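Before any comments, here is the structure.
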Amino acid sequence: MIPAEFDYAVAESVDDAIGLLAEGGDDARPLAGGHSLLPFMKLRFAAPSLLVDLRRVADLRGVQRDNGSWKIGAMTRHADLQGRADLGLLGASAGQIADQQVRNRGTIGGSLAHGDAAADLPAVLLALGGSVVVRGSSGEREIAAADLFEGYLTTAIAQGEVLTEVRVPALDGYGYGYEKFNRRSEDWAMVGVCALVKTAGGVCEDVRIGLTHMASVPLRATAVEEALRGQPLRAHRLGGAARHRGH
Ligand SMILES: Cc1cc2nc3c(=O)[nH]c(=O)nc-3n(C[C@H](O)[C@H](O)[C@H](O)COP(=O)(O)OP(=O)(O)OC[C@H]3O[C@@H](n4cnc5c(N)ncnc54)[C@H](O)[C@@H]3O)c2cc1C
């Protein structure tokens, strides 16, 4: 339970963090809330040579509405999102992450960069059709949620890049829910399902469904979505749609 030796630096800005990561080389890693990285280091699953702490970078915190979408700084904590009705599914699912202690430290950027299929926010980002903005020494790029999660604990974020912002469409007028199945309320999801539905006159205009921990990456249940889109929302139809396999 004792991590391997590592160096530690505090970044004062995103550019500073990028510079420190570049100097630190292949084994330098950003540190956000530390609630996934530090346990991994203690178990020796990870042994970074340098941790670049992002906690002083004020630009990486905060939630902003920009017309039809939300822009959320990577260092915004789960606690800052939980229970925010204006954030819809994101606010509701953030409140289901672990317990309050974890939510007080863990960040949205850390959760998405970690890329754990058992984490709650990756499937939510996928269902929302969101994206992340990352910046490195060769510039800035935006990665769609569908391209972000490449495998178990593996994302499209390159070594030396910093996730700066999470973007999600507001999807006003959608109903939503996140059902997390676990043995104790504060545990990781054994499995989880989130859904967003827009109806008009009892007909499903649009539906988006994300699946947590049903594979090594979060999934969109696209076959179920297709079976429901444009259909009247009746119980038997929902049951039939849920039996569709594949995505
Ligand atoms: C007891 C416990 C229970 C938990 N239960 C749940 C749960 O039920 N659901 C759930 O979703 N999560 C759960 N978590 C995880 C928690 O949500 C973490 O906070 C989260 O996964 C990682 O966020 P962090 O800010 O702590 O990141 P860190 O641990 O600091 O970093 C995680 C990884 O992301 C990288 N990283 C972090 N920030 C950036 C960035 N801005 N740019 C590039 N790379 C970055 C780091 O280098 C590291 O590789 C739990 C954690 C604990 C300790």
Side-chain angles (χ1 to χ4, degrees), residues 3 6 8-9 11 13-14 16-18 20-22 24 26-43 45-57 59-61 72-82 90 92-126 132-136 140-141 143 148-149 152-166 178-192 194 210 212-213 218:
F6 59 91
Y8 171 83
S13 66
V14 175
D16 191 21
I18 292 166
L20 288 164
L21 288 167
D26 283 352
D27 293 324
R29 298 272 281 273
L31 175 68
H35 268 45
S36 291
L37 184 52
L38 297 187
F40 267 48
M41 289 168 63
K42 288 182 176 177
L43 293 165
F45 292 154
S49 54
L50 169 69
L51 291 186
V52 176
D53 197 333
L54 303 177
R55 274 177 292 179
R56 275 205 213 147
V57 185
D59 292 355
L60 291 178
R61 290 181 196 277
I72 301 159
M75 288 298 288
T76 306
R77 302 168 313 148
H78 308 320
D80 301 318
L81 305 175
Q82 70 181 93
L90 194 56
S93 53
Q96 293 192 46
I97 294 173
D99 54 30
Q100 196 60 50
Q101 272 181 304
V102 173
R103 295 194 293 270
N104 284 345
R105 304 287 296 193
T107 65
I108 186 169
S111 178
L112 297 173
H114 191 54
D116 188 343
D120 301 296
L121 299 183
V124 168
L125 186 77
L126 196 62
V132 297
V133 178
V134 297
R135 210 194 306 167
E140 188 172 89
R141 63 195 179 110
I143 308 171
L148 178 62
F149 307 104
Y152 184 64
L153 299 175
T154 309
T155 70
I157 303 169
Q159 174 64 33
E161 282 183 325
V162 175
L163 193 167
T164 55
E165 189 174 273
V166 179
Y178 184 55
E179 281 289 329
K180 181 170 171 176
F181 299 88
N182 47 18
R183 282 187 294 178
R184 295 175 308 172
S185 61
E186 69 274 19
D187 275 348
W188 297 87
M190 289 164 74
V191 292
C194 63
T212 296
H213 214 191

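Atoms within each ligand, like the ligands themselves, are counted from 1 in listed order. The structure displayed is predicted, hence computed values, not measured ones. Along the sequence shown, residues carry numbers from 1.
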Quiz prompt | Proximal atoms of ligand 1 relative to Glu161 (non-hydrogen, under 4.0 Å) | solution = 43 (C)
Quiz item: Which heavy atom of the protein is the closest neighbour of atom 8 (O) of ligand 1, given with residue, atom name and distance?
Solution: Lys180 NZ, 2.9 Å
Quiz item: Is the closest heavy atom of Met75 to ligand 1 under 4.0 Å?
Solution: no
Quiz prompt | Numbered atoms of ligand 1 (with element) below 4.0 Å of Ala32, judged on heavy atoms | solution = 25 (O), 27 (O), 30 (O), 37 (C), 38 (N)
Quiz item: Do any N/O atoms on Ala118 end up under 3.5 angstrom from N/O atoms on ligand 1?
Solution: no
Quiz prompt | Residue Gln159 excluded, over 12 heavy atoms near CD under 6.0 Å | solution = yes
Quiz prompt | Closest protein heavy atom (residue, atom, distance) for atom 19 (O) of ligand 1 | solution = Gly106 CA, 3.0 Å
Quiz item: What's the shortest distance from atom 28 (P) of ligand 1 to any protein heavy atom, and which residue and atom give it?
Solution: Gly34 N, 3.4 Å
Quiz item: Among protein heavy atoms, which sits nearest to atom 27 (O) of ligand 1, and what does the distance come to when rounded to 0.1 Å?
Solution: Gly110 CA, 3.5 Å
Self-check item: Where Leu54 and Val162 come nearest, the two heavy atoms and their spacing
Solution: CD1-CG1, 4.3 Å
Quiz item: Side chain, backbone, both or neither: which part of Asp187 comes within less than 4.0 Å of ligand 1 when only heavy atoms are counted?
Solution: backbone
Quiz item: How many angstroms lie between CG in Leu126 and CG in Leu121, if you round to the nearest 0.5 Å?
Solution: 12.5 Å
Quiz item: Which heavy-atom pair separates Met190 from Asn182 by the least distance, and what is that distance?
Solution: SD-CA, 4.0 Å
Practice problem: Write down the atom of Tyr178, the atom of Ser93, and the distance for their closest heavy-atom approach. | Solution: CD2-CB, 3.8 Å
Quiz item: Pro39: heavy atom below 4.0 Å from ligand 1, yes or no?
Solution: no
Quiz item: Just checking, any donor-acceptor pair under 3.5 angstrom between side chains of Gln82 and Gln100?
Solution: yes
Quiz prompt | Minimum non-hydrogen distance to atom 23 (O) of ligand 1, winning option of Ala46, Gly33, Ser111 | solution = Ser111
Quiz item: Considering only heavy atoms, which of His78, Arg55, Glu186 lies nearest to atom 17 (O) of ligand 1?
Solution: His78
Quiz item: Would one find an N or O of Leu38, backbone or side chain, under 3.5 Å from an N or O of ligand 1?
Solution: no
Quiz item: Which pair of non-hydrogen atoms, one from Tyr8 and one from Leu50, has the smallest distance, and what is that distance?
Solution: N-CD1, 3.9 Å
Quiz item: Which of the atoms in ligand 1, numbered in the order shown and given with their element, are less than 4.0 Å from a heavy-atom of Leu54?
Solution: 40 (C), 41 (N)
Quiz prompt | Nitrogen or oxygen of Pro30 less than 3.5 angstrom from that of ligand 1 | solution = yes
Quiz prompt | For the student: nearest non-hydrogen atoms of Val57 and Val14, plus distance | solution = CG1-N, 3.8 Å
Exercise. May I ask which of Asp120, Thr164, Leu163 has a heavy atom nearer to atom 10 (C) of ligand 1 than the others do?
Key: Asp120
Exercise. State, to 0.1 Å, how close Ala156 and Arg141 come at their nearest heavy-atom pair, and which atoms those are.
Key: O-NH2, 2.8 Å
Quiz item: To the nearest 0.5 Å, how far apart are NE2 in His213 and CG in Asp120?
Solution: 11.0 Å
Quiz prompt | Nearest non-hydrogen protein atom, atom 12 (N) of ligand 1 | solution = Trp188 CZ3, 3.2 Å
Quiz prompt | Taking atom 25 (O) of ligand 1 as the reference point, the nearest protein heavy atom with its distance | solution = Thr107 OG1, 2.6 Å
Self-check item: Nearest-0.5 Å distance, OG1 of residue Thr212 to CH2 of residue Trp188
Solution: 11.0 Å
Quiz prompt | Contacting atoms of ligand 1, where contact means under 4.0 angstrom from a heavy atom of Ala98 | solution = 3 (C), 4 (C), 5 (N), 6 (C), 7 (C), 8 (O)
Exercise. Note the single closest protein heavy atom to atom 36 (N) of ligand 1, along with its residue, its atom name and the distance in Å.
Key: Ala113 CB, 3.7 Å
Practice problem: For ligand 1, note which part of Val102 has a heavy atom under 4.0 Å away: side chain, backbone, both or neither. | Solution: side chain
Self-check item: Atoms in ligand 1 with a heavy atom of Ala119 nearer than 4.0 Å
Solution: 10 (C), 11 (O)
Practice problem: Report the C-alpha distance between Leu148 and Ile157 in whole Å, list the side-chain angles of each, state the deciding distance to 0.1 Å, and finish with yes or no for side chain to side chain contact (heavy atoms under 4.5 Å, CB included). | Solution: CA-CA 7 Å; Leu148 178 62; Ile157 303 169; 3.9 Å; yes
Quiz item: What is the closest protein heavy atom to atom 49 (O) of ligand 1, and at what distance does it sit?
Solution: Arg29 NH2, 3.1 Å
Quiz prompt | Check: His35 N/O within less than 3.5 Å of ligand 1 N/O | solution = yes
Quiz item: If you count the atoms of ligand 1 from 1 in the order shown, which ones are under 4.0 Å from a heavy atom of Val162?
Solution: 42 (N)
Quiz prompt | Interfacing atoms of ligand 1 (cut-off 4.0 Å, heavy-atom, Ser36) | solution = 15 (C), 18 (C), 20 (C), 21 (O), 22 (C), 26 (O), 29 (O)
Practice problem: Look at atom 29 (O) of ligand 1 and find which of Leu31, Asp53, Thr76, Leu37 reaches it with the closest heavy atom. | Solution: Leu37
Quiz item: When rounded to the nearest 0.5 angstrom, what distance separates CE in Met41 from CZ in Arg29?
Solution: 8.5 Å
Practice problem: Indicate yes or no: does an N/O atom of Ala189 lie under 3.5 Å from an N/O atom of ligand 1? | Solution: no
Quiz item: What's the spacing between Ser111 OG and His78 NE2 if we round to 0.5 Å?
Solution: 5.0 Å
Quiz item: Atom CD1 of Ile108 and atom CG of Leu60: how far apart are they, to the nearest 0.5 Å?
Solution: 12.5 Å
Quiz item: For Glu140, does the CD atom sit with more than 12 other heavy atoms under 6.0 Å from it, leaving out its own atoms?
Solution: yes
